[in-house]
Trainee: 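Following this message is one structure expressed as C-alpha cells.
Computed over heavy atoms, backbone and side chain alike; hydrogens, waters and symmetry mates excluded. A quick note: this is a predicted structure, and the numbers were derived from the prediction, not measured.
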Amino acid sequence: MSANPPIFATLGCRLNAYETEAMKDLAAKAGVENAVVVNTCAVTAEAVRKARQEIRKLRRDNPDAKIIVTGCAAQTEPDTFTAMGEVDLVIGNTEKMQIETWNAMGPDFIGQTERVQVDDIMSVTETAGHLIDGFGTRSRAYVQVQNGCDHRCTFCIIPYGRGNSRSVPAGVVVEQIKRLVDKGFNEVVLTGVDLTSWGADLPATPRLGDLVMRILKLVPDLPRLRISSIDSIEADEMLMQAIATEPRLMPHLHLSLQHGDDLILKRMARRHLRDDAIRFCEEARKLRPEMTFGADIIAGFPTETEAHFENSLRLVEECGLTWLHVFPYSKREGTPAARIPSQVNGKIIKERAARLREAGEKRVAAHLAEQVGRTHHILMENPHMGRTEQFTEVRFDAPQVEGEIVTAAILGIDGAQLTA
C-alpha cells in the first residue's frame, strides 16, 4: 500500500463503478501516488458538465495532486478535458484498463507520460483482460460479461465511448463466479453495456440465455443470479426458459424501453415497437408471475408531441413497470438526434419527466402494498436493510448478518421501503 494512494471519483453507470475498482487494483500494483482519478460519464451533455465541475472541485481540494481524467467523456471528447488547466492527463477507456498505462504513472511519472492517451475505441476487439473478484457490498458482486454496443440509437453517444460489442467467454465468466461464491458472495449480477448482445462475437455465437443456463448449471452453490439492464427485443428462447424454470435467477428485469410511441421509437432507431415491449412483459410474467420490471424511459425526445408522450405514460401501466429510470431528453452533440430541428421546449421536457416519475411512484406504491403479508428471501446489504428477489428494499429493526439471505414476513411499508 502506497503512503499516499490515489483518490478515485466515479460518475455514471454501474460499469464505470466496476471499472473504478479494477483501476484501483492496477494503480496499487503500479505504485501510483498523489493522484486523483476521475472516471467520467458521457451519456448526456449534463453528465459532461458535471464531470468538469467535479474536476474543478477536486483540483481545489487537492492542489498538489496529479488529476487524471478517464471514462466515456474522456474517450468521446478528450479535447474538452485537455483544455482544462486543472487536468494533467487524459486516458481513454481502453488505456485505463491496461497495466502499462498505470506503470507509466508510477512514483516518478512526472514529465514522462503523454498528456493525452486516447486511441480509437472502434478498433478494440478484446474485452478488458483485468477482471476483479466482486465489488460493491459484501453481499452482492458484479461481473462484467460484455462491453460496447453495435447499435446506433440516435440519442446515444455511448458506442463512441465504449466501442463495438465485445463478450467475455463463458468459461472465464463461470470461473470468476466460482471464485466469488468461494469468497462468500450470495448474489452475482451480470453487467454490460448491451447485455443481450453477449455472445454475438464468440465462436458458435451463443446467446445470453446460454450463458445464464451455463452459470446456474456449473455453479450450483450460487444462491442468486441477477441480470442487469437488457434489450427485451433481443431476449432469446433460452433466457425465457431460464425465467420460467430457474428459481435462482431473480424475478427482476430492467428493460431498455426508452419510449412508448412507435414513431418516436423509429426516430430513436430502436429495434422494437410498443407492442413488442408489452408482449415481452406479458410473456415473462406468464412464465414467472412474481416478475417485476424496471425501465429506462426518455421524456421530451425531439418531435415528441403530447400524444406521443401519453403513449409512454400508458406504457407504464400496460407493461406493468415498477422501477422507472426517467431521463429528461438532453441534446447531445455528436448524435443524430441533436440535429433534429423540432427540439422540445425544456420546460415541457421537465414537466413530462415529472409526470412519468409520478406514474412510477404510483406503481411502486402498488407493488409495496402487494408485498405486505408475504414471505420473502431477503439479501442483507447492511445490518438493517436488504432486498427481496424483486430488488425491493426491506428495513429490519433488529440487526441481521450482512451478506446473508434472510427469510422474513413483510409486516408493513415505510416510505419506499418494506418493513420486516
Trainee: Should the pair E86-R59 be classified as a salt bridge under the 4.0 Å nitrogen-to-oxygen rule?
Mentor: no
Trainee: Should F396 and H384 be marked as a ring pair (Phe, Tyr, Trp, His ring centres under 6.0 Å) after you check the CA-CA gap, both sets of side-chain angles, and the distance that decides it?
Mentor: CA-CA 5 Å; F396 289 75; H384 292 281; 8.6 Å; no
Trainee: Here's a test for you: under side-chain hydrogen bond (donor to acceptor under 3.5 Å, both in side chains), which of R387, Q371, E290 qualifies with H376?
Mentor: Q371
Trainee: Whether D201 and R166 form a salt bridge (side-chain N of Lys/Arg under 4.0 Å from carboxylate O of Asp/Glu) is what I want to check.
Mentor: no
Trainee: With a 4.0 Å cut-off, would you call E54 and K57 a salt bridge?
Mentor: no
Trainee: Got a salt bridge between D261 and R274, using NZ or NE/NH1/NH2 to carboxylate O under 4.0 Å?
Mentor: no
Trainee: Under 4.0 Å between a side-chain nitrogen and a carboxylate oxygen: does that hold for R162 and E19?
Mentor: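 Looking at R162 and E19, the cut-off is met.
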Trainee: Walk me through it: do D194 and D150 pass the test side-chain contact (heavy atoms from CB on, under 4.5 Å)?
Mentor: CA-CA 8 Å; D194 181 28; D150 292 338; 5.9 Å; no
Trainee: Is it the case that R314 places NZ or CZ above or below the six-membered ring of F309, under 6.0 angstrom from the centre and within 45 degrees of the axis?
Mentor: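 No, R314 does not lie over the aromatic ring of F309.
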Trainee: Treating R248 as the side-chain partner and L222 as the backbone partner, does any N or O pair qualify as donor plus acceptor under 3.5 Å?
Mentor: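 The answer is yes, because a donor-acceptor pair under 3.5 Å joins these two groups.
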Trainee: How far apart are the C-alpha atoms of H308 and H259, what are their side-chain angles, what is the distance that settles it, and do they pass the ring pair (Phe, Tyr, Trp, His ring centres under 6.0 Å) test?
Mentor: CA-CA 9 Å; H308 296 147; H259 211 275; 7.2 Å; no
Trainee: Could you pull out all donor-acceptor pairs under 3.5 Å where a side-chain atom in residues 205-217 meets a protein atom, sequence neighbours excluded?
Mentor:
from	atom 1	to	atom 2	distance (Å)
R207	NH2	E234	O	2.9
D210	OD2	R207	N	2.8

